[in-house]
Amino acid sequence: MTAECTWRRTHTCGELRAEHVGQVVTLNGWVSARRDHGGIYFVDLRDRYGLTQIVLTTSVAEGIKLSPEDCLSVRGAVVSRDAANVNTDRPTGEIEIAVSSVETLSSAKLPPFEIIDDLDTAVETRLQYRFLDLRRPTMQAKLMHRSRFIGAMRKAWLARDFCEIETPVLTKATPEGARDYLVPSRVHAGKFYALPQSPQIFKQILMVSGMDRYFQVARCFRDEDLRADRQPEFTQLDMEMSFVEEDDVFAVWEGVMVDTFRDAMGVEVEAPFPRMPWAEAMARFGSDKPDIRFGMELIDVAAWAKECEFKVFSGAIEAGGRVMGLVIEGGAEMTRKEINALEEVAKTYGAKGLAWWKSAEGGGAGPLARFCADDAAPRLMEILGAKEGDLCLFAAGNQSLVWRILGELRVHLGKKLDLVGEGQDWRFLWVTRFPMFERDAESGSWTSLHHPFTAPQDWDLAGDVGTLESRAYDLVLNGWELGSGSIRIHRQDVQSRIFEILGISPEDQRNKFGFLLDALAYGAPPHGGFAMGLDRIVALTLGLDSIRDVVAFPKTASAADAMCDAPSAVEAFQLAEIHVASTAPAPAAAAQDDA
RNA sequence: GGGGAUGUAGCUCAAUUGGUUAGAGUGCCGGCCUGUCACGCCGGAGGUUGCGGGUUCAAGUCCCGUCAUCCUCGCCA
């Protein structure tokens, strides 16, 4: 624009105060609420910074039609309000703008929903009109919190001499782990890139290169089904450092989290964070991401169960399985209906049923009561640490199933019974010493629990493969897994041996990971790192259960973008260029749906 | 891939056992109003009950299929 600009703002809609009274200002913003009193007309003008009331008298308003969400430029004097008219709920409530001229920069169609905070609109509609959804002050506040949080973190890493380095988004497909998003190559007919599930190998190679301390705010892609806390593309704070062991990684992260919480939120986080071996986490909480804000730990009742007359329990012990329980203090007041609901929860996670007992010296009540005659009841109560009036829940079966059932029940009960006490906002926990390998349920072969580059506790890999412990660790916050990391393998011979255990042939090792093995052969430093899911921690610090509100343009549960309608069909010539032919059936006309 | 929930006016919801012209709040439009800030008062418009089929004298309601959204199990090294 070469002519003098008539509409550019002098202030935002959130900054004018009593001290500005008398100034003539120009504001730009959107029409939020309108209150027409005939001879005088009030409009709340909104932008990212706040709301300012503008006042139009009849002569100014003449011929001007303001609709909700019109984008305006208004010019006028800042005037103070009479004491009776001050709006104490708004930072700008002491003043208003006596408008002398209005310019409509862009008029708005009637929005499908009102742009206000406390409006419970269907997610479907919100996502389709995300540009309007993101105009709501709460949504803008969430995005601004995300920006502040990540900004504080970046500053904390840079202050610790970490170097921010970008790694490729077009990279190499690997069959291990999650399903890859694939990108066909035009230049190399029949070949494909993959979008990274994480920058794992690149960051290790940066360590071999001697970059020593790396971090990145990295977008990662996994073509798996969604959840409230999982999107197919998500953001990690990825880092790696050289010449370190576990304690070094923990210490630097603890410092970064303390700084970040302080800078972004004004919250003092307690550090160092407690550490707990995986085996202890499973035994005590039945979970590798325990919420340590409340107790109700799992109790092994094998000593009682093996001798009891309840065949399900004694049989489980004989078969090499476990019988464990939970005690809900005062839970005997629960109704049969509530207990049945708990059983349904247990069944979701593979339980055949849920044995329960309202504990009492005299034998108690519930399905287990008839096995609690004479001294059986007091003995069971002693093992459980239960009192009269408590409700005890039991699971029997193989170890992993029992852990899972009771671990999930514990989390469920923690929410249902509101067991998290006051002042327990941020309870971080490092979970360490994960198992190195687990059996694949289908093929029976070994797979890495973390990833194949994780160092073992014992470089010699001596002993039974199934009992080997790794140097992997997770950071857990209030029962959410925030991220994982490990000390890596920096020795080529050990890396090859791990691939061998995983059943990857020497030939496949060369094809898939040859560049890493090569790198490890050129003086790789001991190194380790960690990656934190930023969507999750940003959601968690806002008290949200879903990460959808902290992602500007999230996908729906079917991995679609409701606003731009991705994914979508492409032109035949585009497929031809990349040497791709679709095997998808043509969409049937009858299946078309205009919803 | 499996299970559950939901789908009615622009939005949020209601509609008895299958029964008259599918209602309310809100928003929107028009009128009135000079101190509102969830303004108020009066009036008005607004519906393919997601889509397709079936049962029935009669379907928002029952049945089958399908689509979409949310939650969830599997899956997510």
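Numbers restart at 1 for each chain; the letters A, B, ... are given by sequence-line order, proteins then strands. Quick note: numbers below take in every heavy atom, side chains included, and nothing from hydrogens, waters or symmetry partners.
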- Against the side chain of A:S558, the closest entry in B:U36, B:U69, B:C76 is B:U69

- Task: Would you tell me if any nitrogen or oxygen in the side chain of A:Y349 comes within less than 4.0 Å of OP1 or OP2 on B:C73?
- Result: yes

- Task: Answer yes or no: side-chain N or O of A:D82 and base N or O of B:G35 forming a donor-acceptor pair under 3.5 Å.
- Result: no

- If you measure from CG on A:L406 to CG on A:L401, what distance do you get to the nearest 0.5 Å? 9.0 Å

- Query: Is there a donor and acceptor pair closer than 3.5 Å between the side chain of A:E114 and the base of B:U26?
  - Reply: no

- Task: For A:E408, report the nucleic acid contact type (base, sugar-phosphate, nothing); a contact means any heavy atom under 4.0 Å.
- Result: nothing

- Task: Mark this stacking check for A:F42 against B:U36 as yes or no, applying ring centres under 5.5 Å and ring planes under 30°.
- Result: yes

- Query: What nucleotide among B:C71, B:C28, B:C37 has an atom nearest to a side-chain atom of A:R90?
  - Reply: B:C37

- Message: Distance check, P atoms only: B:U8 and B:A14, in whole angstrom units.
- Response: 10 Å

- Query: A:R404 side chain: which of B:C71, B:C73, B:C11 is closest?
  - Reply: B:C73

- Message: Any base atoms under 4.0 Å from A:L449, or only sugar-phosphate, or nothing? Heavy atoms, all strands.
- Response: sugar-phosphate

- Message: Looking at the base of B:C28, is there any donor atom on it, or on the side chain of A:R34, that sits under 3.5 Å from an acceptor on the other one?
- Response: no

- Message: Check this for me: does the side-chain of A:R81 come within 3.5 Å of the base of B:U36 through a donor and an acceptor?
- Response: yes

- For the side chain of A:R227, starting at C-beta, report the closest nucleotide among B:C76, B:C73, B:G10. B:C73

- Item | Check: A:R222 side chain, B:C76 base, donor-acceptor under 3.5 Å | no

